[in-house]
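Just so you know, ligand 1 is whichever comes first in the structure, and atom 1 is the first atom listed for that ligand.
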Amino acid sequence: MSNTNSRGFTSNLGAILAAAGGAVGLGNIWRFPYMLGQNGGGAFLLVYILFVLMIGIPLMMTEFIIGRRSQRNVVGAYKTLGGKQKGWVLLGIFGIVAAFLIYAFYSVVAGWTLNYLVMSCRGQLAGLPPEEVANVFSTFTQGSFWPLFFQLIFLVMTGLVITMGVQKGIEKVGKILMPVLFLLLILMCVRSLTLSGSHQGMSFLFKPDFSKLTGQSILSALGQSFFSLSIGMGAMVTYGSYIRKEDRLFKTSIWIALCDLLVAVLAGIVIFPAVFAFGMDPASGPELVYVVLPNVFNNMPAGTLFAVIFFLLLAIAALTSTISLLEIIVAFGVEELHWKRSTASLVGTILVFVVGVFCTLSFGPLKDVKIFDRTIFEFFDLITASYLMPIGALLMTIFLGWCYPKVEVKDELSNNGTLKVRAFELYYIILRYIAPLALIAIIISGIVG
Ligand code: PHE
């Protein structure tokens, strides 16, 4: 049975590109490089790859199984599959709340990409000395009007795509933008690798020095893999409900996770050789992309052009991810509250903006408002990536591994028994034991600090 005329994606490639678009985002190009820079380089990369393969892929499959089995949004999915165990609906609501919080702070950084894109197109960063580049960043982010303006533009663009629907909006945008993203990324890699002195950055990225690995950096790698693969809050449950019944969930998840991993590694290849070639600090944190890279561009031939390409790339990556965030909320509004898609997009966007304003202003006028010693933005980032997503993922593994019949899981993964899934037992062990234990470890160590 094909979904061509129904609610879901029209092809397997469309599903892979749309979901890879949701996974590939600021998490890969902004967050991953600075986390790697702060956590010692190559060893972090290795641990990260291990987590993606061992835990990330099985958990993505788990979300797809829940979504496709139920054919519903994240709340509807737990309502349907939970049956008499009504409490599981709360896990769906938890996903919607997490999507709101992530979208609220994520759209701030997404807005920055637009500002930097406009500035690089106008050559406003070209030739500035390093202190000035840093100044531009702090003046911009501490302001009110422009950061809010760009955040709103981003929210509106996302809302428009979502209003166009799953096939004409999400799938189409994924099919067009993901190949463009890869192309731009490869172009940037070539540029970075042909800089003299690039080898130092390559060894930083690929030569593991295990003495730099700490317990905390291992846990950061696990958290980063969740954030990057969008696992633990229902994004992949929602997209899973759009995957055709004849597509292979095993293969689909592997492709998406590998795409996500590849983009993160390529982003590393773009950033570190350049950072080292110009003697910059790889451990400068969240500002790496916005403060360090413009200096790098200023030092390279045709730097303005590459700055434009880079920030365009970042904006595209962010857009396909904000689309997946809003879709979680809109699918819920349409299917559970019976709203029109356009109404749900509008209401979702307005609500996120109301909360997002506080995240944006927490860099400027509200920077002294602290929650547990963190600004509003930092607090949202922390509770979602470090707590809500791992807790959501943990509860999800308990649901599918312990409270839902094994035969049904196997049935969904094997397309009603028509496929041979040789790795099923391995998957099931990871689902029941390995993933929950690893998750409990991160959550506890996060709480203990
Ligand atoms: N995975 C996205 C990224 O790497 C972030 C994201 C998280 C998107 C959760 C949707 C849901 O940027």
Side-chain angles (χ1 to χ4, degrees), residues 17-36 48 51-52 56-57 59-60 63-64 67 73-74 92 94-113 154-155 158 161-162 170 173-174 177-178 181 185 220-240 253 256-268 286 289 313-332 348 352 356 380-393 396:
L17 290 176
V24 169
L26 295 169
N28 305 60
I29 309 176
W30 165 69
R31 201 171 190 270
F32 173 76
Y34 86 72
M35 295 287 280
L36 186 126
Y48 174 75
F51 283 141
V52 168
I57 293 177
L59 287 189
M60 186 177 291
E63 293 211 13
F64 284 162
N73 64 90
V74 64
F94 179 94
I96 302 282
V97 172
F100 259 110
L101 299 179
I102 295 177
Y103 196 14
F105 84 84
Y106 198 87
S107 57
V108 177
V109 186
W112 296 354
T113 66
F154 221 97
L155 292 172
T158 308
V161 173
I162 289 298
I170 302 173
V173 167
L177 291 188
M178 287 311 284
L181 181 137
L185 201 54
S220 305
L222 186 57
Q224 172 61 25
S225 70
F226 271 59
F227 185 78
S228 188
L229 294 170
S230 311
I231 283 169
M233 34 72 76
M236 293 301 172
V237 170
T238 309
Y239 276 14
S253 326
I256 296 164
L258 291 184
C259 266
D260 190 70
L261 187 59
L262 183 67
V263 172
V265 173
L266 290 178
V289 161
L313 176 73
L314 206 55
I316 290 175
L319 180 64
T320 50
S321 292
T322 51
I323 288 172
S324 75
L325 284 163
L326 182 59
E327 180 61 17
I328 304 171
I329 299 165
V330 167
F332 163 74
V352 168
F380 275 35
D381 183 348
L382 180 82
I383 53 160
T384 53
S386 301
Y387 295 99
L388 297 188
M389 293 174 87
I391 291 173
M396 177 179 79

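- With sequence neighbours excluded, no residue forms a side-chain hydrogen bond (donor to acceptor under 3.5 Å, both in side chains) with S230.
- Note on residues 223-236: no pairs pass salt bridge (Lys or Arg N to Asp or Glu O under 4.0 Å), not counting sequence neighbours.
- Looking only at distances, a side-chain donor or acceptor of S225 sits under 3.5 Å from a matching main-chain atom of L222.
- Contact annotation: the side chain of I170 approaches that of Y239 to within less than 4.5 Å [non-hydrogen atoms, C-beta and beyond].
- Looking at residues two or more places apart in sequence or on another chain, you find a side-chain hydrogen bond (donor to acceptor under 3.5 Å, both in side chains) between E327 and Y242, R341.
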- Do I391 and F94 pass the side-chain contact (heavy atoms from CB on, under 4.5 Å) test, and can you show the C-alpha distance, the side-chain angles, and the key distance before you say yes or no? CA-CA 10 Å; I391 291 173; F94 179 94; 4.1 Å; yes
Check: every ligand 1 N/O to protein N/O pair under 3.5 Å:
unit_1, atom_1, unit_2, atom_2, d
ligand 1, 1 (N), A23, O, 2.9
ligand 1, 1 (N), F227, O, 2.8
ligand 1, 1 (N), S228, O, 2.9
ligand 1, 1 (N), S230, OG, 2.9
ligand 1, 4 (O), A23, O, 2.9
ligand 1, 4 (O), G27, N, 3.3
ligand 1, 4 (O), N28, OD1, 3.3
ligand 1, 12 (O), L26, N, 3.1
ligand 1, 12 (O), G27, N, 2.8
ligand 1, 12 (O), Y106, OH, 2.4

